[in-house]
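Everything below concerns the one structure shown next.
In each ligand, atom 1 is the first atom listed, and ligand 1 is the first ligand listed.
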Amino acid sequence: MDGATPVFNAGPPVVTKVEPPTWWAKHTINPVRLLVRGQNFQGAQVLSSSPAIRPSNVRINEAGTYLFVDLTVTPNTRAGSYPLQLKTTKGSTTLPFKIEVPLNPASHFQGINANDVIYLIMVDRFANGDPKNDTPAGAPAAATDRSNPRSYHGGDLRGVIDHLPYLKGLGITALWLTPWYDNWNGITQCDHPWCPSTYYHGYHAIDYYGVEDRFGDLATLRELVEKAHSVGIKVIQDQVANHVGSRHPWVTDPPLPDWFHGTLSQHQRNRFRNYTLLSPHSNPDDFRNTLDGWFSDDLPDMNQEEPEVAKYEVQNSLWWLGTTGIDGIRQDTIQYMPRFFIRELSAALHRQYPKMWMVGEVFERDAAQTAFFIGGHRGWDGIDTKLDSVFDFSLWNISELVFTNKSPMRALPHQLKYDALYPDPLKVTTLANNHDTMRFMSLEGATLEGAMMHVAFTLSVRGIPQLYAGEELAMEGKDDPDNRRDFPGGFPYGNSPDTRSAFTKEGRRPDEQRMFEWTQKWIRLRLEHSAIREGRLIDLYEDDDAYVFARQSNIETIVVAFNRLNEAQKIKVPMRSIHIRDGADLKAILGSSQTARVVDGQVTITIPARTAVAFKAN
Ligand SMILES: [Ca+2]
Ligand SMILES: [Ca+2]
Ligand SMILES: [Ca+2]
């Protein structure tokens with residue numbers, strides 16, 4: 001028991017929550033450590049009636065509202081229910097616990113790599129497949145309101161399942177869904193411009209083990225993963241270990257005094273001096289503030305230095321994998337967690353699921369900072385985070401500047417030189433956009449052709465490409481939440497049902513159809529050519545308005561050429577230097593129909609105005 005103050009024990013123990021509620025035999029984490037919430041736990045013992053499950057190492061918080069207990073699971077334990085008894089001098093109660101059958105690792109936990117194309121879906125804004133969950137019992141009506149960009153709009157897991165054929169048709173191979181943890185169902189009123197607002201985005205968990213009731217339930221989530229897998233689409237969970245929502249029960253009654261960095265009334269606000277996380281010279285106060293400060297007053301910061309917190313979060317991450325069979329994790333705001341914890345989490349994931357993949361959000365336009373957090377090398381602090389991937393926000397930023405004519409085209413190869421900082425640039429996740437960035441078509445200087453070149457670049461450059469739902473329609477959207485508009489056609493219910501569906505060709509406007517087909521073609525090109533997925537990237541030509549590079553593997557060479565001028569450009573491209581012999585042909589396979597012959601070690605190609613062309617060397 002923590003602390004020395006005796007607390008009056010009011011009555012028999014009551015259990016309200018067991019985390020995790022289930023586990024597996026022969027798991028790499030054994031014993032598993034349960035966190036039990038309830039009342040009157042002072043002096044409690046945990047007893048097992050089965051020799052298969054052995055409790056030990058009980059720890060109870062001072063208020064008697066939380067109990068930690070290790071459960072050692074005998075390796076040959078069969079799946080089934082193994083209820084425990086929680087006993088005090090005032091009485092006893094059941095502590096439910098189950099051992100589950102592990103999912104088949106041959107068809108789950110497959111990880112993500114450069115062979116994949118990731119598609120980000122903001123669950124609430126993609127498709128409403130089940131109007132019955134739009135307003136859960138007790139939720140205020142105003143919290144579901146499609147006319148308020150900060151209310152719930154009704155999108156859900158069923159909506160994603162219903163549109164798997166659309167996603168398959170587009171060609172993507174992996175879905176990243178915004179967090180499906182249960183969030184508060186209410187609506188916040190305030191005098192600020194961002195009110196009234198809800199947690200439709202899912203980043204304010206109130207239950208790390210619960211599925212958002214507006215999105216569906218665990219059975220629907222499992223169905224989504226199985227159905228996605230059955231059509232060759234992997235699933236990535238958005239996990240948020242850095243913080244929880246301020247409505248989480250822990251905030252008023254923490255399991256331990258140091259569970260969070262500070263309390264609701266006394267905490268630091270993160271000043272976002274992110275550079276202090278990279279610099280070996282940073283001021284310790286600034287460094288701690290960036291790690292320990294609350295992302296907002298509404299987002300209590302988890303204290304991973306407390307071993308019970310670290311253990312809880314590692315188990316929670318593994319529980320979702322084991323329970324749903326997903327293939328990867330996107331870890332939110334990862335740089336605000338200590339690097340030793342990123343390493344601990346990454347190591348635990350790979351120990352249990354060798355192919356498992358986690359990409360970290362290090363939202364920085366500086367490659368030195370993103371590269372510092374990717375695994376495969378040690379930082380100055382001696383830590384290799386083992387993190388599989390980071391998003392390449394610096395290349396995303398340059399691509400947007402280039403294709404809106406704000407930076408010269410040569411800025412692309414000049415940015416790509418910083419790949420020298422990454423142990424393996426093929427492992428970086430290259431984003432076209434996400435739910436935190438303005439959509440391309442709302443950037444100053446944006447044109448449809450610019451958006452088309454931007455997505456073609458994202459899909460042909462090195463790395464693991466990630467698209468954002470709606471970009472394939474050239475959707476518009478300024479800053480959050482305008483960049484989270486509903487997918488047209490996903491919302492057939494309510495007062496103002498969608499009158500057209502962009503999920504179908506008939507429902508798409510001409511520009512949407514043009515962008516859709518273009519995106520589909522570049523995805524297909526990527527999936528058909530291993531050189532684009534995993535070949536070397538070699539710069540061939542650059543000037544203010546054009547950039548040409550090769551993707552070359554041992555079996556093929558693809559040349560990708562961009563021209564942003566309003567007229568066609570004729571460009572001489574060196575071929576001998578990449579071992580393409582005289583007499584070979586460079587045949588356009590996307591964006592043009594020309595064939596050009598290699599003569600004297602070079603080839604002259606014509607890139608039409610404001611577009612990208614892919615060639616294959618034969
Ligand atoms: Ca719904
Ligand atoms: Ca909820
Ligand atoms: Ca933190």
Ion pair [X]/[Y], N-O distance below 4.0 Å:
X	Y	answer
R484	D436	yes
E472	R508	no
R330	D332	yes
D388	K427	no
R271	D285	no

ask   = Hey, what's the angle at the Ca ion (ligand 3) spanning OD1 (N242) and OD2 (D301), nearest 10 degrees?
value =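 That angle is 120°.
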Taking the six-membered ring for Trp, are the ring centroids of F516 and Y166 within less than 6.0 Å of each other?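 Yes, close enough.
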Margin query: Angle between ring planes, H204 versus Y199, binned at 30° and 60°: parallel, tilted or perpendicular?
Written below: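 Parallel: the ring planes of H204 and Y199 meet at under 30°.
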**Prompt:** What N/O/S atom of D182 is the closest to the Ca ion (ligand 2)?
**Reply:**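 Of all N, O or S atoms in D182, the Ca ion (ligand 2) lies closest to OD1.
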Task: Name, closest N/O/S atom of D213 to the Ca ion (ligand 2) - done: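 For D213, the N, O or S atom at the smallest distance from the Ca ion (ligand 2) is OD1.
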Within 45° of the six-membered ring axis of F487 and under 6.0 Å from that ring's centre, is NZ or CZ of R125 located there?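 That pair does not qualify as a cation-pi contact.
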* Y493 near the Ca ion (ligand 1) via N/O/S, less than 3.0 Å ->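 Under 3.0 Å: Y493 has no N, O or S contact with the Ca ion (ligand 1).
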Would you say the Ca ion (ligand 1) has G154 as a near neighbour, meaning an N/O/S atom of that residue under 3.0 Å away?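 Yes, within the cut-off.
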Heteroatom of D134 nearest to the Ca ion (ligand 1) (N, O or S, atom name):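 Among the N, O or S atoms of D134, the one closest to the Ca ion (ligand 1) is OD1.
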- [ ] Tell me, please, if N185 has any N/O/S atom, main chain or side chain, under 3.0 Å from the Ca ion (ligand 2)?
- [x]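 Within the cut-off used here (under 3.0 Å), N185 does place an N, O or S atom near the Ca ion (ligand 2).
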N, O or S from L291 under 3.0 Å to the Ca ion (ligand 3)
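For L291, the answer is yes, given that an N, O or S atom comes within less than 3.0 Å of the Ca ion (ligand 3).
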N, O or S from N270 under 3.0 Å to the Ca ion (ligand 3):
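It does not: N270 brings no N, O or S atom closer than 3.0 Å to the Ca ion (ligand 3).
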Given atoms O of D130 and OD2 of D156, what angle do they subtend at the Ca ion (ligand 1), to the nearest 10 degrees?
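Taking the Ca ion (ligand 1) as the apex, I get 80° for this pair.
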Give, rounded to 10 degrees, the angle between OE2 (E212) and O (N183) as seen from the Ca ion (ligand 2).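 Angle OE2(E212)-the Ca ion (ligand 2)-O(N183): 120°, rounded to 10°.
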